[in-house]
Amino acid sequence: MAVIALISRARMQTHPELNRTTVIQPETRREAPVRVPFHEALWALLLLILGIAGCSGTNAPPTPAFVYAANNGSNNVSAFSVTPSSGTLTPVSGSPYSAGTSPTAIAANPKGKFLYVTNVGSNNISAYATDSASGALGNVPGSPFSTGTFPTSVTVDPSGRFVYVGCGGGPVGICAYTIDTSTGALTPIPGSPFTGGAGTVIVDPFGRFLFSADFNINKLSAFTINSQSGALTAVSGSPFTAGVGKNPLGLVVDPSSHFLYLGNTADGTISAFSIDQVNGTPTPLAGSPFATGSDPRSLCVDPKGSFLFAGTFGDGKVSGYTIGASGGLTPITGSPFTVGVGILGVAVDASGKFLYVADNSPGSVRALSLGANGVPTAITGSPFTAGSGTEAVVVTAKIQ
């Protein structure tokens, strides 16, 4: 089984003051990758992440296997199996599974073997091993693992070797860990935590750069990632203020790693940036920021890089956009779409056929099918009951 790690963003009802000091270390320059046609780059990326090159006799795209949701109010994780043909969810036997206090963000490693959930109330991260057949969760030895204060987000790099946790409070910024690939256990990376305010963190699809949204100080930080150790080095000029709106939280990079999108919760806008392919510097795109719904706390992009979806907590809607060749956003016909009540996490599955949404009130996962034009339509049986205060959702995948 494999996974496209699509990570939702954390809800922040309180806004602790973030660390205002960023240490600028010497810039690490890397050779720019050769740019190939987008569809070739996309499938090369999928094959790399899914680990199927030379192992499968078919080029069939991956299909959804399991959906996992972090429930902030009931301190647990809900697990569902996915019917690939319809996108319908069925609770996994034994679900929900206990987590720490107030779980708020969730991520899976690229092969779907391990699951990581940050707990903002207990300042730690719960780690689980997944059963590839049933989707059931078991605790990783040593779990939970300590983090900084108020861990609001988590991301796993595409190689499946490193975990990064953004902490929105206290003196630390980004906690970094290596993953024991046999057990899923986490070990702090030397130098961690790395300075930089971090309400949300995301690694680009090629594992070269990490970006963090600095919620309270309206900045965007960028780091290069040491491919051997996982250590972070601040990009020259980071943190960046140009093009960043107020209280940025939702954060996503497109599959080609050329564009970065940032949801500004206080503005009701999405900022768009191009990413320098050598040093990771983000530069605002023409036309940015783009209007969206109220309080965009979570963003996701489909696997082909055609559509972007924003979950807007303030109005219970999902805004959908087509992504232009230059990275600009154009609203999908009919957008924004009324989906639920308290929309937080959003995630598109690896096939690009389904959109899964964490609805905080009353606590559910809403499932929608995506048309060829990106228009979402509720799936029969949706919403699917989860725990109390559902905040984040991730979809794992398998090859047909």
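Thr390 is not listed as a side-chain neighbour of Asn72, based on a closest heavy-atom distance of 4.5 Å or more. Side chains of Ile275 and Phe211 form a contact here, defined as non-hydrogen atoms less than 4.5 Å apart. Two residues are said to be in side-chain contact when any heavy atoms from C-beta on lie closer than 4.5 Å; Tyr68 and Val393 fail this criterion. With contacts defined as side-chain heavy-atom distances shorter than 4.5 Å, the pair Ile202/Leu210 does not qualify. The closest side-chain heavy-atom distance from Ile125 to Val154 is below 4.5 Å. In this structure, the side chains of Phe313 and Ile343 stay at 4.5 Å or more apart for every pair of heavy atoms. Counting only heavy atoms from C-beta outward, the side chains of Leu308 and Val252 approach each other to under 4.5 Å. The closest side-chain heavy-atom distance from Phe337 to Pro376 is below 4.5 Å.
In this structure Tyr321 satisfies the side-chain hydrogen bond (donor to acceptor under 3.5 Å, both in side chains) test together with Thr292, sequence neighbours excluded. For Ser364, the side-chain hydrogen bond (donor to acceptor under 3.5 Å, both in side chains) test picks out no residue, with sequence neighbours left out. The side-chain hydrogen bond (donor to acceptor under 3.5 Å, both in side chains) test applied to Asp204 returns Arg208, Ser257, not counting sequence neighbours. Checked against side chain to side chain contact (heavy atoms under 4.5 Å, CB included), Lys353 has the following partners two or more places apart in sequence or in another chain: Asp349, Ser351. Judged as a side chain to side chain contact (heavy atoms under 4.5 Å, CB included), and not counting sequence neighbours, the contacts of Ser369 are Phe354, Thr377, Ile379. The side-chain hydrogen bond (donor to acceptor under 3.5 Å, both in side chains) check on Ser93 picks up nothing, with sequence neighbours excluded. Here Asn139 pairs with Tyr128 under the side chain to side chain contact (heavy atoms under 4.5 Å, CB included) rule; sequence neighbours left out. Every residue meeting the side chain to side chain contact (heavy atoms under 4.5 Å, CB included) condition with Asn124, not counting sequence neighbours, appears here in chain and number order: Asn119, Ser122, Pro144.
Using modelled atom types, one side-chain atom of Thr312 and one backbone atom of Lys317 make a donor-acceptor pair closer than 3.5 Å. Not a single donor-acceptor pair under 3.5 Å links the side chain of Thr281 to the backbone N or O of Asp276. The main-chain N or O of Ser306 is found under 3.5 Å from a side-chain atom of Asp302 such that the two form a donor-acceptor pair. Within the 3.5 Å criterion, the main-chain N or O of Phe150 finds a donor-acceptor partner in the side chain of Asn123. In this structure, Tyr356 contributes its side chain and Gly87 its backbone to a donor-acceptor pair below 3.5 Å.
Minimum heavy-atom separation, Phe384 to Ala367: CE1-CB, 3.7 Å. Across every non-hydrogen atom of Thr385 and Phe80, the tightest pair is O-CZ, 3.4 Å. In this structure, Leu232 and Tyr164 approach most closely via the heavy-atom pair CD2-CE2, 3.7 Å. In this structure, Val203 and Pro158 approach most closely via the heavy-atom pair CG1-CD, 3.8 Å. Closest approach of Ser298 to Gly345, counting heavy atoms only: OG-CA, 3.6 Å. Minimum heavy-atom separation, Pro296 to Gly268: CD-CA, 4.0 Å.
Each of Ser153, Ser126, Pro151 was checked for a side chain to side chain contact (heavy atoms under 4.5 Å, CB included) with Thr118, and the lone residue meeting it is Pro151.
Residue pairs meeting the side chain to side chain donor-acceptor pair (under 3.5 Å) criterion with at least one partner in residues 76-92, sequence neighbours excluded, are Asn71-Asn76, Asn71-Ser78, Ser74-Asn76, Ser86-Thr88. Annotation: salt bridge (charged side-chain N to carboxylate O under 4.0 Å, His left out) contacts involving residues 360-381, sequence neighbours excluded, comprise Asp359-Arg366. Under the salt bridge (charged side-chain N to carboxylate O under 4.0 Å, His left out) criterion, no residue pair touches residues 183-195, with sequence neighbours excluded.
In this structure, the separation between CZ on Phe259 and CD1 on Ile323 is 8.5 Å, given to the nearest 0.5 Å. In this structure, Arg297 CZ and Asn360 CG are separated by 8.5 Å, a value rounded to the nearest 0.5 Å. Atom OG1 of residue Thr178 and atom CZ of residue Phe162 lie 7.5 Å apart, to the nearest 0.5 angstrom. Atom SG of Cys175 sits about 11.0 Å away from atom CG of Leu186, to the nearest 0.5 Å. Atoms CG and NZ, on Asp131 and Lys113 in that order, are 12.0 Å from each other to the nearest 0.5 Å. Here Asn109 contributes atom CG and Phe114 contributes atom CZ; the two are 6.5 Å apart, rounded to the nearest 0.5 Å.
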**Check against side-chain contact (heavy atoms from CB on, under 4.5 Å), Leu220 and Ser212** = CA-CA 6 Å; Leu220 175 65; Ser212 67; over 6 Å; no
**Asked** Step by step, would you call Phe273 with Val244 a side-chain contact (heavy atoms from CB on, under 4.5 Å)?
**Response** CA-CA 10 Å; Phe273 304 84; Val244 180; 4.0 Å; yes
**Request:** Could you check Ser382 against Val365 for side-chain contact (heavy atoms from CB on, under 4.5 Å), going step by step and ending with a plain yes or no?
**Result:** CA-CA 8 Å; Ser382 180; Val365 175; over 6 Å; no
**Message:** Between Leu299 and Ile270, is the side-chain contact (heavy atoms from CB on, under 4.5 Å) condition met? List the steps.
**Reply:** CA-CA 9 Å; Leu299 307 179; Ile270 297 173; 4.1 Å; yes
Please list, one pair per line, the donor and acceptor atoms closer than 3.5 Å that link side chains of residues 260-267 to other protein atoms, with sequence neighbours excluded.
from: Tyr261; atom 1: OH; to: Gly327; atom 2: O; distance (Å): 2.7
from: Asn264; atom 1: OD1; to: Gly245; atom 2: N; distance (Å): 3.1
from: Asn264; atom 1: ND2; to: Thr269; atom 2: OG1; distance (Å): 3.0
from: Asn264; atom 1: ND2; to: Ser271; atom 2: OG; distance (Å): 2.9
from: Thr265; atom 1: OG1; to: Asn247; atom 2: O; distance (Å): 2.7
from: Asp267; atom 1: OD2; to: Lys246; atom 2: N; distance (Å): 2.9

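Note on Leu344: it does not cluster hydrophobically with Val341, by side-chain heavy-atom contacts below 4.5 Å among ILVMFWY residues.
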